[in-house]
Amino acid sequence: MNRTLTKILTTFACTAMLTGCASSTTSASSKTSSDSDTLRVGMECNYAPFNWSTTTEGEYTQPISSVDYCDGYDVVMAKNLADKIGKKVKIVKLDWDNLILSLNNNQIDAIIAGMTATPERKEEVNFTDPYYVSEEVVIVNKDSKYASAKSLDDLKGATVQGQMNTIYDEVIDQIPDVTHMPAAETFPAAIQALQAGSVDAVTSELPVANGVVAANPDLAIVRFDEGKGFEADTSVSIAVRKNDDALLNSLQDALKTIDTDTRNTWMEEAVERQPANEE
């Protein structure tokens, strides 16, 4: 979801998503992360395999309401980091555009949601080192003339869409003669547009694309030859408030104890159990 944002919108409108409408209102707490035994972590719970909603409790899930749970790579990362710094974890489901706003309003303590540390975001919050690095791809219809593309030049003239306020919308203009469609409010909405024939391709990151294609055999992933794809930062990091140095340092130290193989294993497991792969 590892997704990057040029400007953070402050709308409180609830966005319709495939898994339901997320509540953007969370009771603000007077406690800061440093004087609480709970780490409140914000994420969409709608961007598998990084995070998704489910009504089924499982080994990796965390409750987000009286009847719903959140699962995914970000949930596993949040739980492990909270354990390492001696806190309980609480997952807070929020719309993407409200994550930084909610963090700075002290409604959550950290964002673990596939968010890239862009220069614009660094003006508002602080970030840890990356906790995952992905690969930028596009999703097309399996029978599309673009399915065999190996470079951005091969997508010349395509009609392409990305998700609003993400790097996956920004990079589209790197494609020659592209028809850059208005951004979709959610990633599932972009996939629906692709399947409806409204666009030729949707920009994505590889783990997310793997899940989409596994659930939709009529779609295919385009991966680019080295040096012939998008120029973009595909790393994702954890965000905390500007003044929360203690939490930043604690999370940074905890991250250093989780090696790359473990992180990749967690992602592989999340891809396997995400809803898109369920029978």
Side-chain angles (χ1 to χ4, degrees), residues 1 8 12 14 19-115 117 121 124-132 236-258 262-263 266 269-270:
M1 40 34 230
I8 302 298
F12 285 90
C14 189
T19 54
C21 197
S23 171
S24 298
T25 304
T26 305
S27 298
S29 170
S30 60
K31 292 184 177 181
T32 65
S33 59
S34 60
D35 60 15
S36 169
D37 64 353
T38 300
L39 180 68
R40 302 166 299 170
V41 178
M43 61 185 68
E44 285 179 285
C45 301
N46 193 42
Y47 192 61
F50 284 90
N51 50 76
W52 67 84
S53 296
T54 177
T55 57
T56 303
E57 184 177 9
E59 179 182 355
Y60 302 100
T61 61
Q62 293 293 323
I64 52 176
S65 75
S66 60
V67 294
D68 294 313
Y69 302 86
C70 191
D71 194 359
Y73 179 80
D74 289 333
V75 176
V76 174
M77 179 63 71
K79 176 63 166 60
N80 276 270
L81 291 175
D83 288 345
K84 288 178 181 294
I85 66 174
K87 292 179 180 285
K88 296 178 291 185
V89 69
K90 177 177 175 57
I91 303 302
V92 181
K93 182 177 180 179
L94 294 162
D95 291 343
W96 174 256
D97 290 337
N98 287 334
L99 286 168
I100 288 182
L101 180 66
S102 297
L103 178 63
N104 285 330
N105 283 344
N106 198 29
Q107 294 174 301
I108 55 176
D109 303 310
I111 298 169
I112 305 180
M115 181 175 282
R121 287 194 180 117
E124 301 185 70
V125 296
N126 285 337
F127 286 94
T128 64
D129 289 342
Y131 66 90
Y132 190 76
V236 297
S237 301
I238 300 167
V240 301
R241 283 182 292 279
K242 280 284 189 182
N243 61 352
D244 209 342
D245 292 339
L247 180 59
L248 179 68
N249 293 334
S250 294
L251 291 174
Q252 183 65 46
D253 289 343
L255 269 178
K256 292 177 181 178
T257 69
I258 306 173
T262 298
R263 299 182 196 197
W266 288 348
E269 292 172 346

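This chain uses plain numbering: 1 for the first residue, then up along the sequence.
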Legend entry - Enclosure of K242 NZ (heavy-atom neighbours >12, cutoff 6.0 Å): yes

Legend entry - Backbone of Y69 reached by a side-chain donor or acceptor of T54 within 3.5 Å: no

Inset, instruction - Might you point out which heavy atoms bring C45 and N51 nearest each other, and give the distance in Å? - result: N-OD1, 2.8 Å

Inset, instruction - Give a yes or no on whether the backbone of V89 and the side-chain of K79 come within a donor-acceptor separation of less than 3.5 Å. - result: no

Legend entry - Sub-4.5 Å side-chain heavy-atom contact between I111 and I100: yes

Legend entry - Pair Q252-D129, side-chain donor/acceptor within less than 3.5 Å: yes

Inset, instruction - Mark yes or no for whether D68, through its side chain, and T55, through its backbone, hold a donor-acceptor pair below 3.5 Å. - result: no

Legend entry - Short side-chain to backbone donor-acceptor contact, D71 and W52, under 3.5 Å: no

Inset, instruction - Would you confirm whether N249, through its side chain, and D245, through its main-chain N or O, come within 3.5 Å as a donor-acceptor pair? - result: yes

Inset, instruction - Please answer whether the main-chain N or O of M77 pairs with a side-chain N or O of R263 as donor and acceptor at a distance below 3.5 Å. - result: no

Inset, instruction - Kindly say whether I108 contributes a backbone atom to a donor-acceptor pair with the side chain of S102 at under 3.5 angstrom? - result: no

Inset, instruction - Assign the ring pair Y73 / Y131 to parallel, tilted or perpendicular, where the plane angle (0 to 90°) is split at 30° and 60°. - result: parallel

Inset, instruction - Enter the distance from Q62:CD to K93:NZ here, rounded to the nearest 0.5 Å. - result: 15.0 Å

Legend entry - Option among N105, L247, N126, N106 that satisfies the side chain to side chain contact (heavy atoms under 4.5 Å, CB included) test with R241: N106

